[in-house]
Peer 1: 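This structure is in structure tokens; I'll ask about it shortly.
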Number of protein chains: 2
Amino acid sequence: MRDLKATILSIGDELALGQTVDTNTAWLAAQLAQRGISAPMHLTIADDRPAIAEAFRHAAERADLLIATGGLGPTEDDLTRFALADVLGVELTCDDTAVAQIRDFFERRGRQMIDRNRVQAMCPAGATMLRNDHGTAPGIHLRISDADVYCLPGVPREMKAMFADHILPALPQQQGRVILTRKINTFGEGESNVAERLGEKLLARDRNPLVGTTVSDGIVSIRIRSEYATPDEAQQQLDQTTAAIRDALGPLVFGEDEQNLAQVVGNLLAERRQTIVTAESCTGGLLGKLLTDAEGASEFFLGAFTTYANAMKHAVLGVPESMLAEHGAVSEPVAQAMAEGALRISGADHAISTTGIAGPTGGTADKPVGTVYMAIASRNEQTQVHRHVFAGPRDVVRERTANMTLNQLRLRLISA
Amino acid sequence: MRDLKATILSIGDELALGQTVDTNTAWLAAQLAQRGISAPMHLTIADDRPAIAEAFRHAAERADLLIATGGLGPTEDDLTRFALADVLGVELTCDDTAVAQIRDFFERRGRQMIDRNRVQAMCPAGATMLRNDHGTAPGIHLRISDADVYCLPGVPREMKAMFADHILPALPQQQGRVILTRKINTFGEGESNVAERLGEKLLARDRNPLVGTTVSDGIVSIRIRSEYATPDEAQQQLDQTTAAIRDALGPLVFGEDEQNLAQVVGNLLAERRQTIVTAESCTGGLLGKLLTDAEGASEFFLGAFTTYANAMKHAVLGVPESMLAEHGAVSEPVAQAMAEGALRISGADHAISTTGIAGPTGGTADKPVGTVYMAIASRNEQTQVHRHVFAGPRDVVRERTANMTLNQLRLRLISA
């Protein structure tokens, strides 16, 4: 059996005009990759009926499986079903079961189906509607030439549920070929230095498992793609390559796949039955948000004091007014006093604090925009304060500050 | 002069495999759209030299302007320059100016350029290197057939700066055609109800300005695209359509374009010279993070108390232990006590609080997963508490809670 090849299409003016970032395609590509199906090309198309039809025809000639998202809504700019009818050279017909499902969806929410939603039950003759239990837009399943084509709504939550309900069970079992992928995430060095540590042999392009690097938000990830005849072999080779990479990079590695620094720190705290509190100024609550995104947050996260105004730093965390006046809010002693104040009030095992100039204004000669002080206070340990000057706009400074603070706490936890 | 048409290509296994969400393409598409250049097709290609070459050839036949991102890094999986040499049928040559710039980039950071970075100065014969002041990867500018082709690094910050430095000044001035776009953002009703309020006439597909709707994170946006011969006419028509939409939707509309609820609430507070503090449980600091993302946050945002643990709700916000024991942390009286406690301690004009079960576990029969209580306490006004049951996973419940809380405060502020 030859390799199954997929193409992912995303449809919508909001995507073509750049008003919305397309997260559906990456999610679908990852789902397919996990199952050994490669999707080496993705296409985005504006809400234009002939262009959508042309894209379906083009993709159907080059792939075995097409998954399209978007353009199935109730409004006039939702053109996917019309373009499909054009490709097949057929009319749209009303699917009574789909009408009943849409009406039922509204009624369960105590609302009436309005006439406009009726178009969502229109199906190109010969195609099949796919039930949507999570919204009003049923999907459409059809064949174009030799390609199996699935159209799903663009709302991510509905799209994901319908992929699981309708596409996953229908994916052919791969024979003679298994692709496993893994990402090893590092923090603390740039991409070329990480590549230097890995060495030519690990990064050779004809290697299997194949190893590559990517940077995102200051995190350098090493991607591994292991392709073998059996799952056991693919897994074994993936694990061997992972071990070699971890060996080369040591404590730069903080996690794998979707693990982020907050989750890793959370796991380390939970293992030690320790708790954390944050005292944030320039990060504005981002550290707390990241820590409560982590699984099991209630085990280790007590809370966050976001003391943005100086009066709050004094009133809530007990930072002396004289210290704020003498050193300024963005200073080593204030970072330390914030962390130690938060530790004292909360009774947590660790407190991390941030105070800095995220920009775009507020910099001075000795404290330029991007200057941040980060402190870690722990019971029975000396408080550490780090200063760093970050480059980039406000949101980048805040993200990097949060990641660097979490990474410093991670290094303290694993070295203790 | 005929319409200028662009295609955006993004290159990388991390994109093709779905390990990274591509934000560059949307940013570039928006930049082009603002300048009247449509990019009705976007392509994503894996790190595969022949496939990248084929994509460049294919796109160059169909567009006047190609902008590609990615594949210019120092590692073996960075193949864009090699694919371009294949397309042109030329060799790569070393650009000494680019070598000097890369060495200089490292030296300014107190680091040594390593040999690996030398490949980043290799340029297909006949092409031009584009200086990168923000990283180690110069861009490449060339022509393929009649298309003008720009290749930029994939790191978003570098890509954006290089777009501004090199592409923006070279974009031809549009003649005889101006496209202006706007997004009107609403909160509180579903897409089909919003469409119903707008009516058939506003949503007709042959209308100019063209009007469409999109949903993202519970926010229904109405997109307008106004295309006319002169900037004045395009602007006037855009404004007229905007007025008609605002008229039809009333207080559902909270803002335009990239304005989010936090920014709008921040502006309303700043206009009134009022301040806000948050008391967060299930949102874990997200409200504070959103409010400090807003411009001018230091004018209106005092801080956030993220009291995740019950002990913190009592110790920090003064929520009575007996109330927590009797009603549970997720309850109307606790939401009210959190907001009123935060208001009292901080001296702010308004306090908003959230307490809920974001999931995935923790639900009961009368408080299922997704149950959230949101309170608004204001000086000299009665505290309001809303209860809502949100559908969806943890991060969706948290996002929606934050948006609904901000929207309720917005409605209180505009009705006062």
Peer 1: Between A:L28, A:T25, A:T214, which has the largest tally of heavy atom pairs under 4.5 Å with chain B?
Peer 2: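 The residue among A:L28, A:T25, A:T214 with the greatest pair count is A:T214.
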Peer 1: Any side-chain heavy-atom pair from A:T292 and B:Y308 closer than 4.5 angstrom?
Peer 2: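 Yes. Closest side-chain heavy atoms under 4.5 Å.
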Peer 1: Who among B:K313, B:Q31, B:M312, B:R223 has the most heavy-atom pairs with chain A under 4.5 Å?
Peer 2: B:R223
Peer 1: With respect to chain A, which residue among B:I114, B:T75, B:N193 yields the maximal number of heavy-atom pairs within a distance under 4.5 Å?
Peer 2: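 The option with the most such pairs is B:I114.
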Peer 1: Side chain from CB out, backbone as N, CA, C, O: work out which of these in A:A297 comes under 4.5 Å of a heavy atom of chain B, or both, or neither.
Peer 2: both
Peer 1: Which of the residues B:K289, B:E258, B:H42 is involved in the greatest number of heavy-atom pairs with chain A at under 4.5 angstrom?
Peer 2: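 Winner by heavy-atom pair count: B:H42.
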Peer 1: Quick check for you: among B:L302, B:L290, B:V21, which has the greatest number of heavy-atom pairs under 4.5 Å with chain A?
Peer 2: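 Of B:L302, B:L290, B:V21, B:L302 has the most heavy-atom pairs under 4.5 Å with chain A.
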Peer 1: Pick from B:E200, B:E191, B:E280, B:H134: which one has the most heavy-atom pairs with chain A under 4.5 Å?
Peer 2: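 With the most close heavy-atom pairs to chain A, the winner is B:E200.
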Peer 1: Residues in side-chain hydrogen bond (donor to acceptor under 3.5 Å, both in side chains) with A:R62, at least two apart?
Peer 2: A:H58
Peer 1: What part of A:A195 gets closer than 4.5 Å to chain B, counting heavy atoms only: side chain, backbone, both or neither?
Peer 2: both
Peer 1: Tell me, out of B:A16, B:A315, B:A311, who's got the most heavy-atom pairs with chain A below 4.5 Å.
Peer 2: B:A16
Peer 1: What part of B:M41 gets closer than 4.5 Å to chain A, counting heavy atoms only: side chain, backbone, both or neither?
Peer 2: both
Peer 1: Is it the side chain or the backbone of B:T181 that comes within 4.5 Å of chain A heavy atoms, both, or neither?
Peer 2: side chain
Peer 1: Counting heavy-atom pairs under 4.5 Å to chain B, which of A:L79, A:D48, A:N117 comes out on top?
Peer 2: A:N117
Peer 1: Find out whether B:Q19 and A:S221 are in side-chain contact, i.e. whether some heavy atom of one side chain is under 4.5 Å from a heavy atom of the other.
Peer 2: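 They are not in contact (no side-chain heavy atoms under 4.5 Å apart), so the answer is no.
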Peer 1: Side chain, backbone, both or neither: which part of A:F300 has an atom under 4.5 Å from a heavy atom of chain B?
Peer 2: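 Neither part.
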Peer 1: Below 4.5 Å from any heavy atom of chain B, which atoms of A:T307 appear? Answer side chain, backbone, both or neither.
Peer 2: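 Only the backbone of A:T307 comes within 4.5 Å of chain B.
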Peer 1: Heavy-atom distances under 4.5 Å only: say whether A:D115 touches chain B with side chain, backbone, both or neither.
Peer 2: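 Nothing of A:D115, per the 4.5 Å heavy-atom cut-off to chain B.
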Peer 1: Taking the side chain as every heavy atom from C-beta outward, state whether B:R157 and A:P393 have any atom pair closer than 4.5 Å.
Peer 2: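 Touching, per the 4.5 Å side-chain cut-off.
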Peer 1: Pick one of side chain, backbone, both or neither for B:D47, based on which atoms fall under 4.5 Å of a heavy atom in chain A.
Peer 2: both
Peer 1: Are side-chain heavy atoms of B:F305 and A:V316 found at a separation under 4.5 Å?
Peer 2: yes
Peer 1: Please list, chain by chain and in numerical order, all residues satisfying side-chain hydrogen bond (donor to acceptor under 3.5 Å, both in side chains) with A:T275, sequence neighbours excluded.
Peer 2: A:D349
Peer 1: Quick one: pull up CG in A:D22 and CG in B:D22 and give me the separation to the nearest 0.5 Å.
Peer 2: 8.0 Å
Peer 1: For the residue pair B:L202 and A:E76, establish whether any side-chain heavy-atom pair is separated by less than 4.5 Å.
Peer 2: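 Sidechains of A:E76 and B:L202: no contact.
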Peer 1: Who wins among A:G154, A:A304, A:A309, A:A30 for the most heavy-atom pairs under 4.5 Å with chain B?
Peer 2: A:A304
Peer 1: Give a yes or no on whether B:E295 atom CD has more than 12 heavy-atom contacts from other residues, nucleotides or ligands under 6.0 Å away.
Peer 2: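 Not buried by this count: 12 neighbours or fewer within 6.0 Å.
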Peer 1: Does the side chain of A:F301 come within less than 4.5 Å of B:T306's, by heavy atoms?
Peer 2: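 The answer is yes; the side chains approach within 4.5 Å.
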Peer 1: How far apart are the closest heavy atoms of B:A33 and A:L17, and which atoms are they?
Peer 2: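 Heavy-atom minimum between the residues: CB-CD2, 3.8 Å.
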Peer 1: Heavy-atom distance under 4.5 Å to chain A: side chain of B:L286, backbone, both or neither?
Peer 2: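 Contact with chain A: backbone and side chain both.
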Peer 1: Given a strict heavy-atom distance threshold of 4.5 Å, which part of A:S192 is in contact with chain B: side chain, backbone, both, or neither?
Peer 2: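 Answer is both: backbone and side chain atoms of A:S192 are under 4.5 Å from chain B.
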Peer 1: Is A:R207 close to chain B through its backbone or its side chain, or both, or neither, when contacts mean heavy atoms under 4.5 Å?
Peer 2: neither
Peer 1: Before accepting this row, confirm whether a basic side-chain N of the pair B:D293/A:R394 lies closer than 4.0 Å to the acidic partner's carboxylate O.
Peer 2: no
Peer 1: Between atom CG of A:D77 and atom CG of B:L203, what is the distance when rounded to the nearest 0.5 Å?
Peer 2: 7.5 Å
